[in-house]
Amino acid sequence: MRVGVLTGGGDCPGLNAVLRAVTRKGISVYEHGILGFRSGWQGPVEDLTTPLTLDRVEEILNRGGTILGSSRTNPYKIDDGIARLKETIAQHRVDALIAIGGEDTLGVAEQLTHDGVPVVGVPKTIDNDLDATDYTFGFDTAVHIATEAIDRLRTTAESHHRALVVEVMGRHAGWIALHSGLAGGANVILVPEQEFSVEKVVEWVEQRFERQYAPIIVVAEGAVPEGGMERLVTGEKDAFGHVRLGGVGTWLADEISKRTGKESRAVVLGHTQRGGTPTAYDRVLATRFGLHAIDAVTDGDFGKMVALRGTDIIRVPLSEATASLKTVPLERYAEAEVLFG
(Lines give C-alpha, C1' and ligand atoms only; values in the text may rest on other atoms or scores of the structure.)
Protein backbone atom coordinates (compact mmCIF):
# COMPACT_ATOMS: atom_id res chain seq x y z
CA MET A 1 0.00 0.00 0.00
CA ARG A 2 1.21 3.52 -0.78
CA VAL A 3 0.16 6.21 1.70
CA GLY A 4 0.38 9.97 1.17
CA VAL A 5 0.68 12.34 4.12
CA LEU A 6 0.47 16.14 4.38
CA THR A 7 0.46 18.89 7.01
CA GLY A 8 -1.88 21.82 6.38
CA GLY A 9 -2.79 25.14 7.99
CA GLY A 10 -0.70 26.87 10.62
CA ASP A 11 2.37 24.96 11.79
CA CYS A 12 2.66 23.81 15.37
CA PRO A 13 4.98 21.74 17.58
CA GLY A 14 4.33 18.00 17.24
CA LEU A 15 3.73 17.77 13.50
CA ASN A 16 7.06 16.04 12.93
CA ALA A 17 6.27 13.53 15.67
CA VAL A 18 3.16 12.47 13.71
CA LEU A 19 5.15 12.13 10.49
CA ARG A 20 7.75 10.03 12.30
CA ALA A 21 5.15 7.69 13.80
CA VAL A 22 3.26 7.27 10.52
CA THR A 23 6.47 6.55 8.63
CA ARG A 24 8.07 4.20 11.14
CA LYS A 25 5.00 2.05 11.74
CA GLY A 26 3.86 2.27 8.13
CA ILE A 27 7.17 0.95 6.84
CA SER A 28 8.37 -1.32 9.66
CA VAL A 29 5.07 -2.96 10.60
CA TYR A 30 2.89 -2.76 7.49
CA GLU A 31 5.55 -2.46 4.76
CA HIS A 32 3.72 0.50 3.20
CA GLY A 33 5.41 3.12 1.08
CA ILE A 34 5.05 6.63 2.55
CA LEU A 35 4.98 9.70 0.31
CA GLY A 36 5.04 13.20 1.74
CA PHE A 37 3.13 15.99 0.02
CA ARG A 38 4.76 19.36 0.58
CA SER A 39 3.02 22.61 1.54
CA GLY A 40 -0.31 21.23 2.70
CA TRP A 41 -3.04 20.73 0.09
CA GLN A 42 -0.87 22.61 -2.37
CA GLY A 43 1.28 19.46 -2.59
CA PRO A 44 -1.22 17.10 -4.20
CA VAL A 45 -2.66 19.92 -6.32
CA GLU A 46 0.71 20.96 -7.76
CA ASP A 47 2.51 17.59 -7.51
CA LEU A 48 4.97 18.65 -4.81
CA THR A 49 6.26 15.44 -3.23
CA THR A 50 9.09 14.01 -1.17
CA PRO A 51 9.56 10.37 -0.08
CA LEU A 52 9.42 9.69 3.65
CA THR A 53 11.87 6.99 4.66
CA LEU A 54 13.12 5.70 8.01
CA ASP A 55 16.30 7.76 7.64
CA ARG A 56 14.31 10.89 6.76
CA VAL A 57 12.37 10.82 10.04
CA GLU A 58 15.18 9.62 12.30
CA GLU A 59 15.96 12.91 14.07
CA ILE A 60 12.73 14.90 13.86
CA LEU A 61 10.81 13.95 17.02
CA ASN A 62 11.88 17.05 18.95
CA ARG A 63 11.78 19.48 16.03
CA GLY A 64 9.11 22.14 15.83
CA GLY A 65 7.37 23.07 12.59
CA THR A 66 7.01 20.47 9.84
CA ILE A 67 9.60 19.00 7.50
CA LEU A 68 6.91 18.87 4.80
CA GLY A 69 6.06 22.55 5.00
CA SER A 70 2.53 23.87 5.22
CA SER A 71 0.09 26.30 3.63
CA ARG A 72 -3.51 27.45 3.85
CA THR A 73 -4.28 26.21 0.34
CA ASN A 74 -7.89 25.23 -0.31
CA PRO A 75 -8.10 22.95 -3.38
CA TYR A 76 -11.82 23.66 -3.65
CA LYS A 77 -11.02 27.34 -4.32
CA ILE A 78 -8.61 26.52 -7.18
CA ASP A 79 -9.77 26.01 -10.76
CA ASP A 80 -9.61 22.25 -11.45
CA GLY A 81 -8.02 21.87 -8.01
CA ILE A 82 -9.76 18.61 -7.14
CA ALA A 83 -9.18 17.14 -10.59
CA ARG A 84 -5.48 17.99 -10.36
CA LEU A 85 -5.31 16.57 -6.84
CA LYS A 86 -6.83 13.27 -7.98
CA GLU A 87 -4.51 13.17 -10.98
CA THR A 88 -1.44 13.57 -8.75
CA ILE A 89 -2.63 10.83 -6.40
CA ALA A 90 -3.22 8.49 -9.32
CA GLN A 91 0.12 9.32 -10.93
CA HIS A 92 1.99 8.40 -7.73
CA ARG A 93 -0.24 5.34 -7.12
CA VAL A 94 -1.26 6.66 -3.71
CA ASP A 95 -3.94 4.46 -2.16
CA ALA A 96 -4.90 6.75 0.73
CA LEU A 97 -4.09 10.11 2.34
CA ILE A 98 -3.39 11.11 5.93
CA ALA A 99 -4.22 14.79 6.43
CA ILE A 100 -2.82 16.46 9.56
CA GLY A 101 -4.42 19.78 10.37
CA GLY A 102 -7.10 21.85 12.01
CA GLU A 103 -10.66 22.75 11.08
CA ASP A 104 -9.82 23.99 7.57
CA THR A 105 -7.47 21.18 6.56
CA LEU A 106 -9.81 18.54 7.95
CA GLY A 107 -12.80 20.30 6.40
CA VAL A 108 -11.19 19.72 3.01
CA ALA A 109 -10.47 16.13 4.01
CA GLU A 110 -14.11 15.61 4.91
CA GLN A 111 -15.24 16.99 1.54
CA LEU A 112 -12.74 14.82 -0.31
CA THR A 113 -14.16 11.66 1.26
CA HIS A 114 -17.46 12.49 -0.44
CA ASP A 115 -15.56 12.98 -3.71
CA GLY A 116 -14.10 9.51 -3.59
CA VAL A 117 -10.67 10.22 -2.08
CA PRO A 118 -9.81 7.91 0.87
CA VAL A 119 -8.60 10.14 3.73
CA VAL A 120 -7.85 9.73 7.43
CA GLY A 121 -7.50 12.87 9.57
CA VAL A 122 -5.20 13.78 12.45
CA PRO A 123 -6.25 16.75 14.65
CA LYS A 124 -3.70 19.54 14.99
CA THR A 125 -4.19 23.06 16.29
CA ILE A 126 -2.67 25.13 19.07
CA ASP A 127 -6.15 26.59 19.67
CA ASN A 128 -7.54 23.23 20.89
CA ASP A 129 -10.83 24.12 19.18
CA LEU A 130 -11.45 20.93 17.19
CA ASP A 131 -14.58 19.14 18.31
CA ALA A 132 -14.68 15.37 18.97
CA THR A 133 -11.24 15.25 20.60
CA ASP A 134 -10.38 16.18 24.18
CA TYR A 135 -7.06 17.73 23.16
CA THR A 136 -5.12 18.51 20.02
CA PHE A 137 -1.34 18.38 19.97
CA GLY A 138 0.35 21.77 19.83
CA PHE A 139 -1.96 23.22 22.46
CA ASP A 140 0.11 22.14 25.45
CA THR A 141 3.27 23.66 23.96
CA ALA A 142 1.51 26.93 23.14
CA VAL A 143 0.19 27.18 26.70
CA HIS A 144 3.66 26.51 28.13
CA ILE A 145 5.18 29.22 25.93
CA ALA A 146 2.49 31.74 26.87
CA THR A 147 2.77 30.88 30.57
CA GLU A 148 6.53 31.35 30.54
CA ALA A 149 6.05 34.71 28.82
CA ILE A 150 3.56 35.79 31.49
CA ASP A 151 6.00 34.77 34.23
CA ARG A 152 8.75 36.82 32.63
CA LEU A 153 6.52 39.82 31.98
CA ARG A 154 5.31 39.87 35.57
CA THR A 155 8.78 40.72 36.88
CA THR A 156 9.20 43.70 34.56
CA ALA A 157 5.63 44.84 35.23
CA GLU A 158 6.30 44.84 38.98
CA SER A 159 9.63 46.62 38.52
CA HIS A 160 8.05 49.49 36.59
CA HIS A 161 4.63 49.51 38.33
CA ARG A 162 2.81 49.25 35.01
CA ALA A 163 -0.04 47.18 33.63
CA LEU A 164 0.86 44.64 30.99
CA VAL A 165 -1.61 43.27 28.47
CA VAL A 166 -0.55 39.95 26.91
CA GLU A 167 -2.28 39.10 23.63
CA VAL A 168 -2.31 35.39 22.80
CA MET A 169 -3.72 33.47 19.86
CA GLY A 170 -7.35 32.37 19.82
CA ARG A 171 -9.58 33.44 16.96
CA HIS A 172 -12.91 32.07 18.17
CA ALA A 173 -11.84 29.93 21.13
CA GLY A 174 -10.10 31.16 24.25
CA TRP A 175 -8.45 27.95 25.44
CA ILE A 176 -4.88 29.32 25.27
CA ALA A 177 -5.88 32.50 27.09
CA LEU A 178 -7.78 30.57 29.76
CA HIS A 179 -5.10 27.96 30.46
CA SER A 180 -2.06 30.25 30.25
CA GLY A 181 -3.86 32.96 32.21
CA LEU A 182 -4.71 30.54 35.02
CA ALA A 183 -1.23 28.98 35.00
CA GLY A 184 0.45 32.39 34.96
CA GLY A 185 -1.76 33.91 37.65
CA ALA A 186 -3.19 36.61 35.37
CA ASN A 187 -5.41 39.16 37.07
CA VAL A 188 -7.79 39.37 34.10
CA ILE A 189 -8.46 36.83 31.33
CA LEU A 190 -10.49 37.82 28.26
CA VAL A 191 -11.79 35.27 25.76
CA PRO A 192 -13.80 35.40 22.50
CA GLU A 193 -16.68 33.45 24.05
CA GLN A 194 -17.56 36.27 26.48
CA GLU A 195 -17.74 39.96 25.55
CA PHE A 196 -15.89 42.04 28.12
CA SER A 197 -16.63 45.35 29.81
CA VAL A 198 -13.74 47.79 29.57
CA GLU A 199 -15.05 49.47 32.71
CA LYS A 200 -14.88 46.19 34.62
CA VAL A 201 -11.36 45.49 33.34
CA VAL A 202 -10.28 48.94 34.53
CA GLU A 203 -11.87 48.24 37.92
CA TRP A 204 -9.89 45.02 38.28
CA VAL A 205 -6.71 46.82 37.21
CA GLU A 206 -7.21 49.57 39.78
CA GLN A 207 -7.86 46.99 42.51
CA ARG A 208 -4.53 45.45 41.71
CA PHE A 209 -2.70 48.78 41.78
CA GLU A 210 -4.35 49.65 45.12
CA ARG A 211 -2.73 46.55 46.62
CA GLN A 212 0.65 47.73 45.29
CA TYR A 213 0.89 45.04 42.61
CA ALA A 214 1.16 45.34 38.85
CA PRO A 215 -1.78 43.84 36.91
CA ILE A 216 -1.36 41.26 34.13
CA ILE A 217 -4.19 41.00 31.60
CA VAL A 218 -4.29 38.06 29.19
CA VAL A 219 -6.49 38.57 26.14
CA ALA A 220 -7.21 36.26 23.20
CA GLU A 221 -6.81 37.91 19.79
CA GLY A 222 -10.51 37.32 19.06
CA ALA A 223 -11.85 38.83 22.29
CA VAL A 224 -14.43 41.59 21.77
CA PRO A 225 -15.53 44.44 24.08
CA GLU A 226 -19.22 44.88 24.77
CA GLY A 227 -20.86 46.48 21.76
CA GLY A 228 -17.58 46.37 19.85
CA MET A 229 -16.06 44.39 17.02
CA GLU A 230 -13.06 42.14 16.45
CA ARG A 231 -9.79 44.00 15.91
CA LEU A 232 -8.35 43.26 12.46
CA VAL A 233 -4.77 43.39 11.24
CA THR A 234 -6.12 43.45 7.70
CA GLY A 235 -9.48 42.90 6.05
CA GLU A 236 -7.95 40.57 3.49
CA LYS A 237 -9.27 36.99 3.66
CA ASP A 238 -7.37 33.75 3.15
CA ALA A 239 -8.51 30.78 1.05
CA PHE A 240 -10.81 29.66 3.86
CA GLY A 241 -12.44 33.05 4.37
CA HIS A 242 -10.52 34.05 7.50
CA VAL A 243 -9.34 37.59 8.20
CA ARG A 244 -6.23 38.27 10.26
CA LEU A 245 -7.14 39.21 13.80
CA GLY A 246 -4.92 41.18 16.14
CA GLY A 247 -4.56 44.49 17.90
CA VAL A 248 -7.00 44.08 20.75
CA GLY A 249 -4.11 43.98 23.22
CA THR A 250 -2.68 47.32 22.09
CA TRP A 251 -6.14 48.89 22.01
CA LEU A 252 -6.93 47.67 25.52
CA ALA A 253 -3.57 48.83 26.91
CA ASP A 254 -4.29 52.32 25.54
CA GLU A 255 -7.75 52.31 27.12
CA ILE A 256 -6.31 51.29 30.48
CA SER A 257 -3.72 54.09 30.33
CA LYS A 258 -6.34 56.70 29.43
CA ARG A 259 -8.81 55.63 32.09
CA THR A 260 -6.42 54.99 35.00
CA GLY A 261 -3.56 57.37 34.32
CA LYS A 262 -1.21 54.44 34.87
CA GLU A 263 1.44 53.33 32.42
CA SER A 264 0.30 50.34 30.38
CA ARG A 265 2.00 48.22 27.71
CA ALA A 266 0.88 45.49 25.32
CA VAL A 267 2.86 42.42 24.30
CA VAL A 268 1.68 40.31 21.35
CA LEU A 269 3.08 36.77 21.55
CA GLY A 270 1.93 35.90 18.04
CA HIS A 271 3.82 33.15 16.25
CA THR A 272 6.19 32.49 19.15
CA GLN A 273 3.35 30.29 20.44
CA ARG A 274 3.66 28.07 17.36
CA GLY A 275 7.41 27.66 17.29
CA GLY A 276 10.13 25.69 18.97
CA THR A 277 10.44 22.32 20.62
CA PRO A 278 7.21 20.50 21.50
CA THR A 279 6.54 19.58 25.12
CA ALA A 280 6.76 15.94 26.20
CA TYR A 281 2.95 15.78 26.32
CA ASP A 282 2.61 16.97 22.73
CA ARG A 283 5.32 14.58 21.52
CA VAL A 284 3.51 11.63 23.09
CA LEU A 285 0.04 12.66 21.90
CA ALA A 286 1.25 13.39 18.36
CA THR A 287 3.09 10.06 18.23
CA ARG A 288 0.01 8.15 19.38
CA PHE A 289 -2.14 9.96 16.81
CA GLY A 290 0.31 8.99 14.05
CA LEU A 291 0.41 5.34 15.10
CA HIS A 292 -3.38 5.10 15.17
CA ALA A 293 -3.77 7.00 11.89
CA ILE A 294 -1.68 4.49 9.97
CA ASP A 295 -3.71 1.73 11.62
CA ALA A 296 -6.92 3.32 10.34
CA VAL A 297 -5.50 3.56 6.82
CA THR A 298 -4.43 -0.07 6.89
CA ASP A 299 -7.90 -1.07 8.10
CA GLY A 300 -9.48 0.90 5.25
CA ASP A 301 -11.41 2.97 7.81
CA PHE A 302 -11.53 6.16 5.78
CA GLY A 303 -13.50 9.34 6.42
CA LYS A 304 -12.39 9.15 10.06
CA MET A 305 -10.25 11.25 12.37
CA VAL A 306 -8.21 9.85 15.24
CA ALA A 307 -9.18 11.55 18.51
CA LEU A 308 -8.32 11.57 22.19
CA ARG A 309 -11.08 10.56 24.61
CA GLY A 310 -9.83 10.40 28.17
CA THR A 311 -6.59 8.46 27.69
CA ASP A 312 -7.81 6.41 24.72
CA ILE A 313 -7.28 7.10 21.02
CA ILE A 314 -10.49 6.45 19.11
CA ARG A 315 -11.80 7.07 15.58
CA VAL A 316 -14.59 9.52 14.89
CA PRO A 317 -16.21 10.59 11.60
CA LEU A 318 -14.54 13.61 10.02
CA SER A 319 -18.01 15.12 9.69
CA GLU A 320 -18.36 15.02 13.49
CA ALA A 321 -14.93 16.53 14.05
CA THR A 322 -15.54 19.50 11.72
CA ALA A 323 -19.23 20.17 12.43
CA SER A 324 -18.58 22.83 15.09
CA LEU A 325 -15.79 24.47 17.03
CA LYS A 326 -15.02 23.47 20.61
CA THR A 327 -15.19 26.71 22.55
CA VAL A 328 -14.64 27.54 26.21
CA PRO A 329 -17.84 26.80 28.20
CA LEU A 330 -19.02 29.81 30.16
CA GLU A 331 -18.91 27.79 33.38
CA ARG A 332 -15.18 27.21 32.85
CA TYR A 333 -14.70 30.95 32.37
CA ALA A 334 -16.72 31.63 35.52
CA GLU A 335 -14.29 29.45 37.49
CA ALA A 336 -11.41 31.69 36.48
CA GLU A 337 -13.33 34.94 36.97
CA VAL A 338 -13.30 34.42 40.74
CA LEU A 339 -9.54 35.10 40.64
CA PHE A 340 -9.72 38.38 38.70
CA GLY A 341 -8.61 41.63 40.26
Side-chain angles (χ1 to χ4, degrees), residues 9-15 63-66 70 72 102 124-129 135-160 162-194 196 201 205 214-225 230-234 238 242-257 263-279 281-282 327-328 333 336 340:
D11 70 301
C12 81
L15 284 167
R63 284 178 57 179
T66 165
S70 190
R72 297 191 183 277
K124 172 271 333 174
T125 168
I126 66 169
D127 291 329
N128 196 41
D129 59 359
Y135 286 98
T136 55
F137 70 88
F139 172 67
D140 187 69
T141 304
V143 169
H144 273 256
I145 292 169
T147 301
E148 182 181 3
I150 293 167
D151 289 345
R152 291 176 180 275
L153 291 168
R154 183 177 298 282
T155 59
T156 188
E158 296 288 356
S159 296
H160 293 275
R162 61 167 63 118
L164 271 175
V165 180
V166 184
E167 182 180 314
V168 300
M169 285 185 170
R171 174 181 296 275
H172 300 301
W175 292 108
I176 295 176
L178 179 67
H179 280 239
S180 65
L182 281 171
N187 309 111
V188 183
I189 301 170
L190 306 174
V191 297
E193 292 86 348
Q194 177 70 59
F196 64 89
V201 171
V205 166
I216 300 289
I217 301 95
V218 175
V219 56
E221 62 187 352
V224 177
E230 294 173 328
R231 313 295 295 188
L232 306 181
V233 173
T234 172
D238 65 17
H242 301 309
V243 293
R244 285 181 59 197
L245 299 182
V248 65
T250 300
W251 175 83
L252 184 58
D254 290 343
E255 288 294 314
I256 291 171
S257 292
E263 191 175 4
S264 182
R265 294 285 189 274
V267 176
V268 181
L269 298 186
H271 287 79
T272 59
Q273 295 157 93
R274 292 191 180 280
T277 302
T279 60
Y281 180 88
D282 277 340
T327 55
V328 174
Y333 186 68
F340 293 178

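Here the CZ atom belonging to F139 is positioned 10.0 Å from the CG atom belonging to D129, to the nearest 0.5 angstrom. For the atom pair CZ (R171) and CD (E221), the distance works out to 6.5 Å, reported to the nearest 0.5 Å. From T272, atom OG1 reaches atom CD of E148 across 10.0 Å, with rounding to the nearest 0.5 Å. Annotation: the span from L164 atom CG to S264 atom OG amounts to 7.0 Å, rounded to 0.5 Å. The distance from the OG1 atom of T250 to the CD atom of E167 is 6.5 Å, given to the nearest 0.5 Å. We find the OG1-CZ distance between T147 and R152 to be 12.5 Å, quoted to the nearest 0.5 Å.
A donor-acceptor contact shorter than 3.5 Å links the side chain of R274 to the backbone of D11. K124 places a side-chain N or O within 3.5 Å of a backbone atom of G10 that can act as its donor or acceptor partner. In terms of modelled atom types and a separation under 3.5 Å, the side chain of T136 and the main chain of T125 share a donor-acceptor contact.
Residues G64 and P278 approach most closely at N-CD, 4.2 Å, considering heavy atoms. G9 and R72 make their closest contact through CA-NH1, 4.1 Å (heavy atoms, listed as atom of the first residue, atom of the second, distance). Between Q273 and I145, the shortest heavy-atom distance links the atoms O-CD1, 3.8 Å. Residues A163 and I217 come closest through the heavy atom pair CB-CD1, 4.4 Å. Among all heavy-atom pairs drawn from C12 and G138, the shortest one is SG-CA, 3.9 Å. Annotation for A142 and I126: closest pair CB-CB, 3.8 Å, computed over non-hydrogen atoms.
Two residues are said to be in side-chain contact when any heavy atoms from C-beta on lie closer than 4.5 Å; L153 and V166 meet this criterion. Taking 4.5 Å as the limit, every side-chain heavy atom of H160 sits out of range of all side-chain heavy atoms of R265. Side chains of E193 and H172 form no contact here, defined as non-hydrogen atoms less than 4.5 Å apart. With contacts defined as side-chain heavy-atom distances shorter than 4.5 Å, the pair V219/W251 does not qualify. Looking at V188 and P215, their side chains never come closer than 4.5 Å, going by heavy atoms from C-beta outward. With contacts defined as side-chain heavy-atom distances shorter than 4.5 Å, the pair L15/F137 qualifies. By the 4.5 Å heavy-atom criterion applied to side chains, D127 and W175 are not counted as neighbours.
Remark: the D140 side chain and the T279 side chain contain an N/O donor-acceptor pair separated by less than 3.5 Å. Looking only at atom types and distance, the side chain of T141 has a donor-acceptor partner in the side chain of D282 under 3.5 Å away.
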For this session: Tell me, with the steps shown, if V191 and I189 meet side-chain contact (heavy atoms from CB on, under 4.5 Å).
Result: CA-CA 7 Å; V191 297; I189 301 170; 4.2 Å; yes

Exercise. Can you list the steps and then say if V267 with V165 is a side-chain contact (heavy atoms from CB on, under 4.5 Å)?
Worked result: CA-CA 6 Å; V267 176; V165 180; over 6 Å; no

Exercise. Are L190 and V248 close enough, and set up right, to give a side-chain contact (heavy atoms from CB on, under 4.5 Å), and what steps lead you there?
Worked result: CA-CA 10 Å; L190 306 174; V248 65; over 6 Å; no

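More than 12 heavy atoms of other residues, nucleotides or ligands shown are found within 6.0 angstrom of OH on Y281.
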